Every structure is written in C-alpha cells, then in structure tokens.
Amino acid sequence: MNILLVFAHPEPHSFNGAMLRTAVAALEAAGHQVQVSDLYAQPFDPVSDRRNFTTVQDVVYFKQQAEEVYAAGHQGFAAEVEAELQKLAWCDVMIWQFPLWWFGVPAVLKGWVDRVFAMGRAYGSGRIYETGFFRGKRALLSLTTGGPAEAYEPGGLQGDLAGILRPIHRGMLQFTGFTVLAPQVVYGPARQSGEQRAAALAAWAARLPGLAVEAPLEVGKY
Ligand SMILES: Cc1cc2nc3c(=O)[nH]c(=O)nc-3n(C[C@H](O)[C@H](O)[C@H](O)COP(=O)(O)OP(=O)(O)OC[C@H]3O[C@@H](n4cnc5c(N)ncnc54)[C@H](O)[C@@H]3O)c2cc1C
C-alpha cells in the first residue's frame, strides 16, 4: 500500500515524533511505500486565501470555493497545495499524527485541511461522503492527549473522545470519502513511565501492518 503520514508537532523529539518514526519503520518493514508531510518542518503555510492559487477567477471578490473549482479546471493550485493533493491522490491510507490541542488538531493541520481539501479535488458537484473524491482510501487519526484515559470516557472530566473527534471523522474525513479506522490514542504520554511509553510505541508498530483489513470505525452521524 501507499501510506501518507501527515505529522503536526513542532518538536521532532516529542513523543509524537517517536510515534511518527515508529510508523515509518513499521510500514516500510512491512513492504509499504511511505510519504511524510512534516508540516512544521516543510514548513507548510496554514493560512488559506489567494495564496492557494496561481489562477484568479474573480479579481474583485475572493470566494475560496469558487476559486478552487476554477483552479481545479485550470491547473491553478499553488505548488505547495498541489504537492499535497498529489500525495492524497497517491495514497491508499492516510494517517495524521498529532497532539490533541484545544479538543482539536494543531492549527497547522487545520490549515492544511482548509487549503488542500479543495472543492473540485476533494469534494464537490454532489460528490460528498460515499461519493467523495477520496472514496476507497482509508484514514486514521493517531493522537496523544495531556489528560489520562479516564478523563476521556463518556461522563469523564473531559468527556467522550469519540464525540471530540467526530467533527474530524465525520466533517473532514468521511465528508471527502475516506473510510475511517479507529483512532490510535496514547493518553498522557508525559505522565507515563518509560516502559509504558515503549509499550505504546510497540502496540502502534504491531497494529500498522493490518490496516488494509481492519474493520472500519462506526463514526455515527450528527
Ligand atoms: C496548545 C495546546 C493545547 C492543548 N490542548 C489539550 C487538550 O485539549 N486536551 C488534552 O488532553 N491535552 C491538551 N494539550 C496537551 C497535549 O495534548 C500533550 O502535551 C501532548 O499530547 C503530549 O504529546 P507530546 O508528543 O507533545 O509529548 P512529549 O511531552 O513530547 O513527550 C512525552 C514524554 O515522552 C518522551 N519520549 C519522547 N520520545 C520517546 C521515545 N522514543 N520513547 C519513549 N518516550 C519518549 C518524552 O521525552 C517525554 O518525557 C494541549 C497542549 C498544548 C500545547
């Protein structure tokens, strides 16, 4: 399989960085092709506006989705957006590796979605959910939290993690056609012992070779 890893952490030596390196090593050892979008290292500019395009459909009034559709028909995406679109077209499985920040993804990753999941290339003309452009591809969130596991259970201090992740699972991944797999979550790695962190990395490495045959996650609708 072709696997795209999207990495959103500012510190390469973080636990998230260790999760990324573990994934690359395990996937390549299993014979898969891997590409990494290291958003901080590239660096990927997360601000979405006319910089997304080399073309201009309306010079007076900027409407992003209209410019996206125009750019899709005129090879008009900026090079850094087009490069990410090419990786998305190439991959069979996409994995995001990130720390949970404010119950969501770091801004650089949100900006990556804002700019790259473009109308005309990711969704549009009625092609959403089951008919989204990325139909047939699988996606998986691999994340870490600050809080412990019990805080993210239903009724816990922070609440059900499935509900926190649903806007991403449903509104970004399923919306554009991805089949969503269960998230890989390491709760509070900074609170864990070295042995626990090593076990979390080993569990991640053990899961990765089977991604093609895993049953999808039941995300649920709103
Ligand atoms: C802006 C912001 C918003 C946040 N919002 C939330 C929130 O909404 N909810 C929430 O729960 N948390 C939140 N947090 C906390 C955040 O989610 C955690 O700090 C983060 O997930 C921890 O992951 P890390 O990779 O940064 O860990 P790190 O602190 O980098 O690593 C943890 C430990 O793992 C060690 N380590 C590194 N590499 C390895 C290795 N190879 N093997 C073993 N150990 C290793 C490190 O040395 C360190 O001791 C927020 C933090 C910020 C900055």
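Small disclaimer: the values here were computed from a predicted structure and weren't measured. Each ligand, and each atom within it, is numbered from 1 in the order the structure gives.
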Exercise. Do we see a donor-acceptor contact under 3.5 Å between the side chains of T55 and E67?
Worked result: no

For this session: Would you check if there is a donor-acceptor pair between the side chains of E11 and H9 at a distance under 3.5 Å?
Result: no

For this session: Establish whether W101 and V185 are linked, either directly or via other cluster members, by ILVMFWY side-chain heavy-atom contacts under 4.5 Å.
Result: yes

For this session: Scan side-chain atoms only and decide if Q97 and N16 contain a donor-acceptor pair under the 3.5 Å cut-off.
Result: yes

Exercise. Can a donor-acceptor pair be found between the side chains of K137 and T179 at a distance below 3.5 Å?
Worked result: no

Seminar exercise, completed: Within the heavy-atom cut-off of under 4.0 Å, ligand 1 is lined by H9, H13, S14, F15, N16, A18, P99, L100, W101, W102, F103, T144, T145, G146, G147, Y152, P189, A190, R197, L201

Exercise. How about Y123 and Q65: does a side-chain donor come under 3.5 Å of a side-chain acceptor?
Worked result: yes

